[in-house]
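The sequence lines fix the lettering, A, B, ..., with proteins before strands; numbering per chain opens at 1.
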Amino acid sequence: MAPPSEVRVRFAPSPTGSLHIGGVRTALFNWLYARRSGGTFVLRIEDTDQERSTEESTRGIFEALRWLGLDWDEGPDKGGPYGPYTQTERLALYRQYADRLVEEGKAYRCYATKEELDKLRRLAEAKKQQFVYPHLWRDKTPADWPEGKPYVIRFKTPLTGETTFHDEVFGDITTPNDSPSIQDFILLRSDGIPLYNFGAVIDDVMMKITLVARGRDHIGNTTPQVLLYRALGAPLPKFAHLPMMLAPDGKKLSKREGRKYNIPITVTDFVDDLGTLAGYRELGYSPDALLNYLARFGWSHGDQEVFSRRELVEFFDLVGLNKSDGKFDAKKCLAVNHDHLKSEALTPTDDQQGQPHYPGGERRGYLTHLRPHLEARGLSPTRFDGLEGREEHRRLLRAGLATVRERARTFAEAAQMLDYYLREEPEFDDKARALLKPEAAPLLRAFRGVAAGVEPFAAKPLEEATNAWLAAEGKNIKDVAQPARAALTGRVASPPLFDVMAALGRERALARLDAGAALAAGAGAGAGG
RNA sequence: GUCCCCGUCGUCUAGUGGCCCAGGACGCUGCUCUCUCACAGCAGAAACGCGGGUUCAAAUCCCGCCGGGGACGCCA
């Protein structure tokens, strides 16, 4: 049993789709709080909305959290002392507590049907009045209960007074008990499935949660929940409501808004009839960078912008949380990612500071994250199909990566930039092809000749030899650089020419210049297509 | 409509009565570097929503207004 002082927090998503970026932020703050304090991070699946919950979504949430490196100590797949951790497996528990509250006169059976209430709701709406739940069944006794009819269990909200709770970020929040928004709220639906406010409270009580940190949109749920804790005689956890992350127009950051503003909104690709909405993982974001951006949204630690995973755990505290909602800035998120990619260790063992290691001793580095993006382009990171083999491939990958690192803002971009290093022949784009005109052929051949004589085949000597040749010929580097770049990379933009050549190596670079020259020479003649 | 909450550059934020004619970051503009694309460096434009108080002194405290958001379901 956990000592009462131990910190226990939870992340309780509904498995109704791909893990949302806002959910990640909530999970992150909870995770940080737990890790910071040496507490326990519980993952609970709230699948009581049977219409929308799917098994697949649950698996997706696991997968996304694992990719993010947000590990949980107790959860549906791991178990723990207060399981089960999936709400639909706890139905008997909720029933038990609900019945107990009814027996104690703190809740009651309500036989009013949904249709009946909807009618009243519409009537109130028509009169432009606030719908107030009529206490139809509040004061009835078991003797009044109709036989065999479906009923819900409602909470007996106090009719007078007010309820105050302390929020770690917003301070004291007081709501009048007669506020229509909390009137005799439903605990258990007629099918026996608990509603959010009830299920969450029962679970949080039973799982001994000490801090509930969630989105600010839940602030209004807190008052009825506090009332429930009291009715149950359970100790109140701390509450911390996080300011919300909104779309650029201040609307809720929905998938719709994500599409509208081209903002990735889920961790992994999300597919529906409207097509694919790319996820952060597939777009080539670093989990650490994403977490960094998300952490800094609504939270700050002085002027520091870039945090490693370790620093986040070290510095996080509730005091740094802000109150006001914010708007998601995709450009800044990308910039933070770029920052992380520039400094991320190539392999875990290369990291002198021993920093971004993941939970559970998992080791990841730049290469680990890059790999799937290379594979997505048909480039294996460990094999070089039909070519010299593994060693040469590894050399090219490393050498190429060195030229590309500071440029790539995402792992996907890095893979894209690495493409011509890892293919036997570069794939030419239209602009590059256009540079390989017949006039360029002699120039490329001459340049090839110069390069062939350079020893060692490194950037500096290559540049010096080239400059000497250009000076003797009365030519400018600009005359040769673009055609050569096109021949070597198949593109019109790349890292500096001599760096590219050195990374490719003598043999490969010379071969590409030859091929480029041949292509250029033939470009005028075969003008058919 | 009712209840609750929020309000510093375009965006994320620092700021807890004097250090602020408001600092950092992203973005933006210009310059430097330059074989292309980037990176980097330098410079610049850019905010305390408005009006009243309190105080020797207010971005910071109080009140009002305005603006924004959330909740008000047998959704979570």
Side-chain angles (χ1 to χ4, degrees), chain A residues 12-14 16 46-49 51-53 110 112-114 117-118 121 124-125 127-133 150-154 167 170-171 173-176 178-183 185-191 193-197 199-200 214-223 241 243-246 248 250-252 293 296-306 320 322-336 338-339 342 404-409 417 431 435 463 466 470 476-482 484-486 489 491-498:
Chain A
S14 312
T16 55
E46 303 206 335
D47 58 346
T48 54
D49 183 350
E51 305 275 289
R52 299 190 297 150
S53 297
C110 172
T113 63
K114 190 171 195 308
L117 293 173
D118 279 347
R121 224 186 302 272
E125 204 176 311
K127 282 196 270 183
K128 295 206 162 184
Q129 284 174 347
Q130 166 82 42
F131 169 74
V132 180
Y133 171 75
Y151 61 89
V152 301
I153 293 182
R154 285 183 183 269
D167 187 279
F170 288 94
I173 293 178
T174 302
T175 309
D178 64 355
S179 168
S181 61
I182 60 170
Q183 272 308 289
F185 56 95
I186 295 176
L187 267 24
L188 224 52
R189 307 198 303 197
S190 48
D191 59 6
I193 292 174
L195 242 40
Y196 171 71
N197 278 334
R214 79 247 274 204
R216 207 214 65 220
D217 47 336
H218 283 293
I219 234 170
N221 283 326
T222 312
T223 299
H241 288 91
M244 299 213 289
M245 200 161 59
L246 305 166
K251 294 220 177 73
K252 238 176 164 165
Y293 176 77
R296 274 289 286 105
F297 196 107
W299 175 81
S300 61
H301 182 71
D303 280 337
Q304 188 169 348
E305 298 281 349
V306 179
N322 277 123
K323 295 178 178 183
S324 48
D325 296 340
K327 295 169 183 168
F328 188 89
D329 184 347
K331 280 186 173 164
K332 178 142 189 175
C333 187
L334 219 210
V336 171
H338 192 187
D339 236 302
K342 277 188 285 185
V404 137
R405 278 211 61 165
E406 67 184 13
R407 270 156 247 268
R409 294 175 302 176
M417 292 174 181
K431 284 180 183 165
L435 283 172
E463 182 167 13
T466 305
L470 288 169
N476 190 291
I477 180 77
K478 298 191 185 201
D479 300 329
V480 70
Q482 281 307 81
R485 189 185 317 282
T489 69
R491 301 175 188 178
V492 295
S494 81
L497 198 61
F498 303 109

> A:Leu195 has a side chain; which of B:C74, B:C5, B:C3 sits nearest to it?
Replying inline: B:C74

> If pairing requires Watson-Crick or G-U wobble contacts with both distances under 3.5 Å, which nucleotide is the partner of B:C21?
Replying inline: none

> Who is the Watson-Crick or G-U wobble partner of B:A59, with both distances under 3.5 Å?
Replying inline: none

>> What contact category does A:His218 fall into here, base, sugar-phosphate, or nothing, at under 4.0 angstrom with non-hydrogen atoms?
In response: base

>> Rounding to an integer number of angstrom, what distance separates B:A43 and B:C35 when you compare their P atoms?
In response: 25 Å

>> Is the phosphate of B:C6 approached by A:Lys323 (side-chain N or O, under 4.0 Å from OP1 or OP2)?
In response: yes

> Taking the side chain of A:Ile219 as its heavy atoms from C-beta onward, which of B:C4, B:C26, B:A14 lies nearest to it?
Replying inline: B:C4

> In whole angstrom, what separates A:Lys114's NZ from B:G73's P?
Replying inline: 10 Å

> Just how far, in rounded Å, is C1' of B:A71 from OH of A:Tyr133?
Replying inline: 20 Å

>> My understanding is that a pair needs two contacts under 3.5 Å, Watson-Crick or G-U wobble. By that rule, which nucleotide pairs with B:U36?
In response: none

> According to a strict under-4.0 Å criterion, is A:Lys252 in side-chain N/O contact with OP1 or OP2 of B:A71?
Replying inline: yes

> So what does A:Asn322 hit on the nucleic acid, given a heavy-atom distance under 4.0 Å: a base, only sugar-phosphate, or nothing?
Replying inline: sugar-phosphate

> When we call it a touch if two heavy atoms are under 4.0 Å apart, what does A:Arg121 touch: a base, just sugar-phosphate, or nothing?
Replying inline: sugar-phosphate

>> Just the rounded figure in Å: distance from P of B:U13 to NZ of A:Lys327.
In response: 12 Å

>> In this structure, how many angstroms lie between the P atom of B:C35 and the CZ atom of A:Arg485, rounded?
In response: 10 Å

> Reckon A:Gly298 touches a base, only the sugar-phosphate, or nothing at all at heavy-atom distances under 4.0 Å?
Replying inline: sugar-phosphate

> What integer number of Å spans the P atoms of B:U55 and B:C12?
Replying inline: 36 Å

> Looking at the side chain of A:Phe170, which of B:C5, B:A14, B:C35 is the nearest nucleotide?
Replying inline: B:C5

> What does A:Ala112 touch in the nucleic acid at a heavy-atom separation under 4.0 angstrom: a base, only the sugar-phosphate, or nothing?
Replying inline: base

>> Heavy atoms only, 4.0 Å cut-off, all strands: where does A:Ile173 land among base, sugar-phosphate and nothing?
In response: sugar-phosphate

> When you measure from the side chain of A:Met244, which nucleotide among B:C75, B:U13, B:G70 comes out closest?
Replying inline: B:G70

> When rounded to the nearest Å, what value does the distance between C1' atoms of B:C20 and B:C62 take?
Replying inline: 22 Å

> Checking all strands, does A:Lys251 fall into the base, sugar-phosphate, or nothing category for heavy-atom contacts under 4.0 angstrom?
Replying inline: nothing

> Where the side chain of A:Arg189 is defined as all heavy atoms beyond and including C-beta, which of B:G70, B:U13, B:C75 is the nearest nucleotide?
Replying inline: B:C75

>> Could you tell me how far apart A:Phe328 (CZ) and B:U11 (P) are, to the nearest whole angstrom?
In response: 15 Å

> Which part of the nucleic acid, if any, lies within contact of A:His338, taking any heavy atom under 4.0 Å across all strands shown: a base, the sugar-phosphate backbone alone, or nothing?
Replying inline: sugar-phosphate

> For A:Ser14, which contact category applies under a 4.0 Å heavy-atom criterion: base, sugar-phosphate, or nothing?
Replying inline: sugar-phosphate

> Which whole-number value in Å describes the distance from A:Arg52 CZ to B:A76 P?
Replying inline: 8 Å

> With both distances kept under 3.5 Å, what pairs with B:C42, Watson-Crick or G-U wobble?
Replying inline: B:G30

> Does a distance-only test, which skips hydrogens and angles, find a donor-acceptor pair under 3.5 Å between the side chain of A:Asn221 and the base of B:A71?
Replying inline: no

> Choosing from B:U36, B:C75, B:C26, which nucleotide comes nearest the side chain of A:Gln482?
Replying inline: B:U36

>> Applying the Watson-Crick and G-U wobble criteria at under 3.5 Å, what pairs with B:C65? Answer none if nothing qualifies.
In response: B:G49

> Quick one: A:Trp299 CH2 to B:A14 C1', roughly how many Å, whole number?
Replying inline: 13 Å

> Can you check whether A:Ser179 has a side-chain N or O nearer than 4.0 Å to OP1 or OP2 of B:U2?
Replying inline: no

> When all nucleic acid strands are considered with a 4.0 Å heavy-atom cut-off, which category describes A:Pro495: base, sugar-phosphate, or nothing?
Replying inline: base

> Which nucleotide in the list B:A38, B:C3, B:U8 gets nearest to the side chain of A:Ser324?
Replying inline: B:U8

>> Closest approach to the side chain of A:Ser181, judged atom by atom: which nucleotide of B:U36, B:C26, B:C72 is it?
In response: B:C72

>> Over all strands shown, is A:Ser190 touching base, sugar-phosphate only, or nothing at heavy-atom distances under 4.0 angstrom?
In response: base

>> Classify A:Thr466 by what it touches in the nucleic acid, base, sugar-phosphate, or nothing, heavy-atom distance under 4.0 Å.
In response: nothing

> Which part of the nucleic acid, if any, lies within contact of A:Thr223, taking any heavy atom under 4.0 Å across all strands shown: a base, the sugar-phosphate backbone alone, or nothing?
Replying inline: nothing

> When all nucleic acid strands are considered with a 4.0 Å heavy-atom cut-off, which category describes A:Glu305: base, sugar-phosphate, or nothing?
Replying inline: base

>> Whether the side chain of A:Arg407 and the base of B:C39 hold a donor-acceptor pair under 3.5 Å is what I'd like checked.
In response: no

